[in-house]
J.: 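Have a look at this one before I ask anything.
Excluded from the calculations below are hydrogen atoms, water molecules and symmetry mates; all remaining heavy atoms, backbone and side chain alike, are included. In this chain, residues are counted from 1 in sequence order.
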Amino acid sequence: MSTSQRRRAKAFEPVALDHAEAVIVDQYTRLVRLAYLTLPGRLSRHRRVLAAHSLVQRALPGFRVRHATARVPLPRSGSADAAGTEPARTGTAYMTARVLCAALAHERRPRGWPDRLPPPRALRPALPVVWGLRLFPRAGGTEEIALAQVLSELPAPARAAFVLCRLDGLAHPEVVDLLAAADVPDPEAALRAARRVEETVGEAAGKLLHSQEFDACSVQTRPTDLLRRRRRFRLVWCAAGVTAISCAALLTIGPVPVPGDKPTRQTGGRPAISADALLRTSSDVWADTSRVDFSAWPARGSRADDRELLTRALAAWTDPPPGTRVGATPATTTEPPPRGTQLLYADDVDGEAVVLFHDGRRVVRYVEPASPTEPASLDFSRADDSDVTTAAALAVGREDGKVRYLTAPWIAEARTRDLLSPNSPGRPLDVSGQGLTAAVDAPSAAGPCDSLPVLQLRSSARIVEKHAFLVTDLGDLAPAHLSYTPLPGTGAPARQPREATSGTALRSWARGACRLAELRGHGVRAVNHWDYADQKLPEDGGRAVWSCTRASTWRGPGSVLLQFRTSTESATAPAKVVGRARTTAACSRFGQHVVAGTRWTAGSGHRYVLAAGSRDVTRLTVTGDVDTERRGRTLAVRAPEDARVTVRARLADGEELAEVGASTNRPGQESAPGGDRGSATSGGGRR
């Protein structure tokens with residue numbers, strides 16, 4: 001594999017040394033940003049910052065030509081191409097190709113090169129070198145984090161094409177020429193992949209790429225682990241003496257037998273992998289990576305180095321001994337641990353040894369009681385494609401209606417609150433230095449719904465500023481993330497889900513929170529509560545709000561509950577369920593349209609059929625015992641007591657929207673002014 005920059009940049013005419021230096025000095029920030037975004041996302045932000053600066057500074061051509069024939073300096077405006085001169089354009093393209101070539105070659109591996117080792121280029125020492133400090137760009141918002149996640153999943157050539165198109169605003173032929181000069185085998189394929197990403201992230205990507213999240217020239221500094229550095233320095237001085245003494249002792253002293261006066265715990269045989277092969281993430285990776293999920297969790301707990309405990313846990317996972325309690329969420333395998341399994345936690349919690357693993361697709365909890373005669377337990381949950389919120393905590397143990405969580409390293413603050421008391425502030429929650437919380441009340445799986453405890457967590461500003469969110473225990477290892485989508489606005493575009501921490505979100509969730517108990521044990525990843533329509537009720541009956549609560553599972557499919565609530569009811573009275581559907585895309589980004597109907601009784605005793613649709617609904621039709629059609633998103637029409645009706649809607653593009661999971665209204669299923677007398681028809685969505 002050739003790594004010659006000169007040969008790869010042959011599509012552009014080489015420029016003189018002083019001209020090349022002028023291009024680098026004039027466009028240093030742009031070239032460093034290009035290199036930083038093109039480098040592989042698996043590198044930490046500190047390493048990518050240093051590598052980007054190193055690649056740009058080493059992009060100077062050879063020393064055969066000392067001066068350019070033209071002595072005209074490059075312009076100091078937005079880019080060197082702005083001058084309009086041919087030498088400037090040639091020099092800019094030539095140096096951009098050299099930087100791209102070096103950045104793309106950073107992760108190329110020769111044939112047969114081990115995957116566990118960095119590429120040869122990454123092993124070369126190069127300036128700048130920083131000791132004792134960590135450098136990283138300033139943290140952006142959630143949109144920047146999402147864009148960084150998308151870019152990290154792209155192949156390097158496609159990532160480079162996307163950056164050239166969106167960051168530099170180059171035309172597609174220019175991008176193809178630059179990629180070809182950087183020795184990309186198929187520039188057109190890379191450009192097509194970049195176009196698909198452009199369609200996904202939209203026009204805002206160009207502005208996001210210019211944000212401080214991706215500016216490797218405006219960086220923050222933090223010290224490395226000072227105590228660890230001091231300990232390592234001291235250990236270096238005594239390592240040689242200790243090694244010599246240990247070797248002499250091993251040669252002269254044999255093993256001392258230990259009497260087995262204590263019962264030993266039965267294990268499931270030889271583990272699929274050894275405890276020494278477990279991956280361990282260092283404690284500072286979470287603040288220095290674009291992938292903020294379980295893979296960024298460090299190995300924590302006082303027994304993280306207990307090889308015997310880890311071996312027993314891996315053996316039980318590989319081949320559970322008789323009596324072991326094994327539980328798994330739907331569509332979660334219990335196959336043995338693969339290579340690359342990561343250790344998250346190992347410690348004693350409430351008298352039991354607890355070990356947490358992550359293998360990229362699942363989180364696994366091994367619990368070992370103190371008594372060897374009691375059986376151990378294993379729990380498996382899906383965890384693929386987790387993020388800042390869905391990887392924010394794991395349930396370590398449950399006992400007597402309480403649960404302890406292990407929080408992610410990026411959680412700066414934890415509080416508890418009652419979802420049925422929206423006006424009550426959150427209460428501080430004690431969290432140990434290892435991230436273990438005090439025992440908190442778990443939502444009741446049965447009995448009256450008089451409270452619903454949730455966690456309110458806040459991310460560190462090193463990840464994203466002012467980011468607080470809610471999670472709640474639904475019986476799985478990872479608590480479910482709760483979000484909220486407000487009523488549609490008057491303009492475009494449609495409103496997106498947001499964190500359910502505002503007063504409006506909490507008041508809306510209080511009316512539908514008791515329905516969360518139905519989702520326990522179903523492998524739910526996140527629940528979004530969407531207020532999709534509001535309506536003025538007839539005869540001055542107040543206002544009504546129509547909601548769609550969608551539970552999305554880790555395996556993909558989701559279920560929805562369509563609910564109806566009125567302003568005359570109690571602030572915590574459960575909303576009436578007017579429809580439900582399982583395994584549907586309704587109320588998600590793939591099913592953004594919904595319609596529902598129900599019956600309602602006014603204070604005068606008159607009965608009405610009510611219907612409401614989401615923001616793109618332009619006409620509602622009711623058929624059956626009542627036939628009517630109205631323009632707009634809401635409808636209210638007088639109806640007989642036992643009327644059977646079906647509600648349909650028409651969208652702005654002319655498409656008809658049917659009810660999803662709907663059943664015909666039955667006699668007696670109606671909503672009274674102050675209460676809930678049963679369910680009626682459900683809403684629908686479009687895939």
Side-chain angles (χ1 to χ4, degrees), residues 3-6 8-39 45-106 121 124-130 133 135-138 160 163-164 166-170 174-175 177-179 181-182 206 209-221:
T3 59
S4 171
Q5 293 180 352
R6 186 178 296 107
R8 288 173 180 160
K10 63 185 179 181
F12 298 99
E13 180 181 355
V15 296
L17 183 59
D18 55 349
H19 192 175
E21 181 189 19
V23 172
I24 290 179
V25 172
D26 186 72
Q27 302 192 35
Y28 188 76
T29 300
R30 184 186 70 86
L31 293 174
V32 168
R33 192 189 296 258
L34 173 63
Y36 178 81
L37 288 166
T38 305
L39 286 168
R45 292 194 293 172
H46 172 78
R47 289 183 58 192
R48 275 199 293 164
V49 167
L50 295 182
H53 284 272
S54 174
L55 295 179
V56 174
Q57 293 178 21
R58 295 169 57 196
L60 280 174
F63 290 88
R64 292 178 299 175
V65 182
R66 287 291 180 181
H67 299 285
T69 56
R71 298 292 183 176
V72 180
L74 291 176
R76 291 291 177 178
S77 58
S79 76
D81 293 347
T85 62
E86 189 62 31
R89 288 194 296 270
T90 302
T92 299
Y94 180 69
M95 296 310 298
T96 301
R98 290 181 65 84
V99 172
L100 268 181
C101 177
L104 292 173
H106 196 83
R121 181 172 295 273
R124 302 177 186 175
L127 295 175
V129 177
V130 177
L133 287 177
L135 307 179
F136 48 90
R138 295 182 179 275
V163 173
L164 289 171
R166 284 297 179 184
L167 182 65
D168 293 344
L170 298 182
E174 295 177 277
V175 176
D177 291 343
L178 283 171
L179 294 179
L209 288 176
H210 284 86
S211 67
Q212 60 183 7
E213 172 80 15
F214 308 110
D215 186 0
C217 288
S218 299
V219 296
Q220 299 182 97
T221 60

J.: To the nearest 0.5 Å, what is the distance between CG on D168 and CD on Q27?
T.: 8.5 Å

J.: Side-chain contact, heavy-atom cut-off 4.5 Å: T96 with R30?
T.: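 Yes - at least one pair of side-chain heavy atoms lies under 4.5 Å apart.
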
J.: How many angstroms lie between atom OG of S54 and atom CZ of R47, to the nearest 0.5 angstrom?
T.: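 Interatomic distance, S54 OG to R47 CZ, rounded to 0.5 Å: 12.0 Å.
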
J.: Could you work out, with side chain to side chain contact (heavy atoms under 4.5 Å, CB included) as the rule, every residue matching V163, not counting sequence neighbours?
T.: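 In terms of side chain to side chain contact (heavy atoms under 4.5 Å, CB included), with neighbours along the sequence ignored, V163 is linked to L34, L37, L167.
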
J.: Hey, does Y28 have a side-chain heavy atom less than 4.5 Å from the side chain of H53?
T.: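 They are in side-chain contact.
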
J.: Quick one: list whatever passes salt bridge (charged side-chain N to carboxylate O under 4.0 Å, His left out) with R48, sequence neighbours left out.
T.: none

J.: Taking all non-hydrogen atoms of both residues into account, name the closest pair between A182 and L104 and its distance.
T.: CB-CD1, 3.9 Å

J.: Looking only at heavy atoms, which two atoms of P137 and V49 are closest? And how far apart?
T.: CD-CG2, 3.8 Å

J.: Considering all heavy atoms of both residues, which atom of V56 and which atom of I24 are nearest to each other, and what is their separation?
T.: O-CD1, 3.6 Å

J.: Flag the pair L164 / L100 as yes when at least one side-chain heavy-atom distance between them is below 4.5 Å, and no otherwise.
T.: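 With C-beta onward as the side chain, the pair touches.
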
J.: Going by the rule side chain to side chain contact (heavy atoms under 4.5 Å, CB included), which residues pair with A20 if we only count those two or more places apart in sequence or in a different chain?
T.: V15, L60, P61, M95

J.: How would you list, by chain and number, every residue that makes a side chain to side chain contact (heavy atoms under 4.5 Å, CB included) with A52, sequence neighbours excluded?
T.: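 V32, A35, Y36, L39.
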
J.: Does any part of the side chain of T29, heavy atoms only, come nearer than 4.5 Å to the side chain of C217, both counted from C-beta?
T.: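 Yes, at least one pair of side-chain atoms sits under 4.5 Å.
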
